[in-house]
Amino acid sequence: MPLGLTLLVVASILVLFGVGQRLLDRMRLNDKTALLFMAAIFIGSLVPDLSLGRYFSINLGGAVVPLVLVVYLFVKAGTAEERSRSVWATLLSGAAIYLAGRLLPHEPETMFIDPNYVYGILAGIIAYLFGRSRRASFIAGVAGVLLADIAQGIENFIRNIPAPIRLGGAGAVDTVVLSGFLAVILAELVGEFRERLQGGTSKKNMRFENAEFTSAIGAEEYDDEAKERDNDEKDRK
Amino acid sequence: MRKTVSRIIVLCMLVFVLLSCTVLADDWYESDPGYFTLVDENGKELTVMAREIFKDDEYISGDNKHYKVVRVDKAKRYAYAKLVGEITLPAAAGEDVYVAAQQQKGSVVLYATHNSESYVPSDGKESIKGKGGILDVAESFRNNLEKKGIKAVLDKTSHDPHDAGSYRRSRQTAVKLIKANMPVAAAFDIHRDAVPKSHYVTQVDGQDMVKVRIVIGRRNQNRQANQELAEKIKSVADKTYPGLIKDIFIGKGSYNQELSPRALLFEIGTYENSKEAAQKTTAYLADVVSKAMFGGTAERQSRKTGESTGEKTKIQPIDQEKTSGGGRGLLWLLVVLVVGGVGFLFLSMGGREMSSKVKRSVREEFSSFLGRNKRNRK
């Protein structure tokens with residue numbers, strides 16, 4: 001393959017890897033764990049799918065690793081309310097994705113956005129409004145697509161449609177993974193935009209640590225900018 | 001109260017998402033013509049398409065004129081295109097053509113996203129659940145590629161039902177095929193069109209055949225690279241079997257072509273053509289694809305008699321040509337990444353904070369090169 005094309009393929013993979021790592025990093029994961037999960041998604045994608053009977057199979061990188069991450073985020077959710085919101089967001093996303101598959105036009109060119117991204121956007125909108133967090137968005141994005149796929153498999157079985165369901169079959173570039181990331185991007189953008197509209201965070205008096213807001217009482221140091229701001233104010237006085 | 005407002009917003013957004021697109025597909029078989037007509041600036045019909053045409057879609061006609069859609073009348077199903085120039089198809093090679101050796105060819109992978117598509121005169125109906133006539137055509141194409149010494153692999157996995165999830169499911173097939181058959185020279189998605197028969201009937205090599213339309217998605221980073229391959233294939237076909245490649249349509253979709261810079265969608269005939277004619281066509285298509293990708297000599301055939309006209313052209317393998325599609329795709333990807341990143345930073349931090357953070361990180365990153373800065377010296 002010519003150099004230009006080779007570079008293009010390599011860059012596409014790196015972009016996906018880099019963006020994915022940054023997005024995981026913005027949830028409850030540190031740099032190393034996020035990197036580890038991205039590596040697991042890519043390496044898992046290379047392993048052949050695991051068969052789950054006649055109608056279903058599952059891909060390690062495209063479904064198992066994202067599911068492990070979903071379970072981890074769910075268990076680590078801050079409050080019972082966040083958990084229940086995640087569950088509702090997931091169920092609604094699953095239903096919306098399944099319905100979208102039925103109701104949207106069949107051809108990519110007739111859709112305002114590519115089918116691979118529309119599911120992530122749907123999951124992102126629902127997850128943000130019901131889940132109100134990046135973590136809930138990721139959970140709903142990933143589990144929503146998987147739920148919709150399982151529903152499709154059941155329909156195929158009932159209606160005798162001879163089509164297998166490969167959960168996360170395209171690995172790192174499967175809609176499951178893309179949808180999870182898109183949902184987080186959307187939650188991030190909507191959240192940031194809303195925050196700017198209301199003139200800053202409503203958690204001004206709190207400290208952001210390990211992807212969570214905690215009390216600032218007892219915090220020994222604050223960031224350089226805050227220091228600079230305080231110094232500037234003192235100078236002005 | 002806030003919860004109720006949130007739920008109302010969700011419902012509105014869902015309704016917007018679901019209703020913002022018209023339900024049109026390539027499976028129109030009603031008496032009402034379910035296709036768009038593309039006309040030029042003078043109102044002359046260029047082609048018809050069983051897919052919705054959008055502003056900015058592009059079209060390369062059989063005579064290599066490049067059009068861009070400037071206006072669409074959805075109610076009348078008419079699209080108006082402006083001529084933007086003539087396509088210069090890749091030139092023929094010099095005398096010292098190097099034809100790719102067997103072991104260097106790489107495999108060609110084939111699949112059918114809409115595996116239920118069928119040909120009415122041969123299959124009895126336009127769609128057969130799970131095993132449409134299109135799979136027989138794809139199989140003929142595979143066999144004909146193998147006759148040319150190319151390792152061709154066909155995956156007949158069903159992606160039914162034929163709905164908005166078809167491309168999502170066929171994406172998994174495409175990835176599986178690419179992964180299992182590295183190095184992959186090209187990935188082709190085999191379809192048949194849904195416009196009246198008259199638009200696809202042709203004579204090649206003195207026999208009745210069907211025409212082939214190449215479809216490229218313009219919503220992905222591989223668009224330029226894929227267009228180069230499509231133009232090369234058309235160029236070889238024009239030199240060898242004039243009339244075989246009908247045209248090239250560059251539409252709004254992606255068609256999973258972001259997975260490979262050598263991925264195309266072929267529409268082989270239409271549902272009103274016979275499957276046998278489509279199968280016969282694949283022999284000529286395989287010859288053209290083989291020469292375009294791996295090199296060879298194109299010998300022009302008379303369209304009516306099928307005899308050689310004696311006109312020979314050396315064809316260079318596409319990978320040995322100076323192409324720019326990869327570079328342009330790379331640039332496109334980087335631009336999107338930079339614009340997206342800066343946009344996100346701006347949104348999340350605001351102009352002043354962003355510039356302060358950028359300045360600070362530059363200061364910190366380069367402090368070892370530039371020496372200690374003023375602040376540190378204090």
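The shown structure was predicted, so the numbers you read here are calculated from the model rather than taken from an experiment.
When only modelled atom types and interatomic distance are considered, Asn115(B) and Ser158(B) share a side-chain donor-acceptor pair under 3.5 Å.
Of the atoms belonging to Asn160(A), it is backbone heavy atoms, and not side-chain ones, that fall under 4.5 Å from chain B. When heavy atoms are compared at a cutoff of 4.5 Å, Thr113(B) does not approach chain A at all. Ile178(B) does not touch chain A: none of its heavy atoms, backbone or side chain, sits under 4.5 Å away.
Ring geometry for His191(B) versus Tyr167(B): interplanar angle under 30°, hence parallel rather than tilted (30 to 60°).
Salt bridge annotation for Arg85(A)-Glu81(A): present, with a cationic side-chain nitrogen under 4.0 angstrom from a carboxylate oxygen.
The shortest non-hydrogen separation linking Leu186(A) to Ile121(A) is CD2-O, 3.6 Å.
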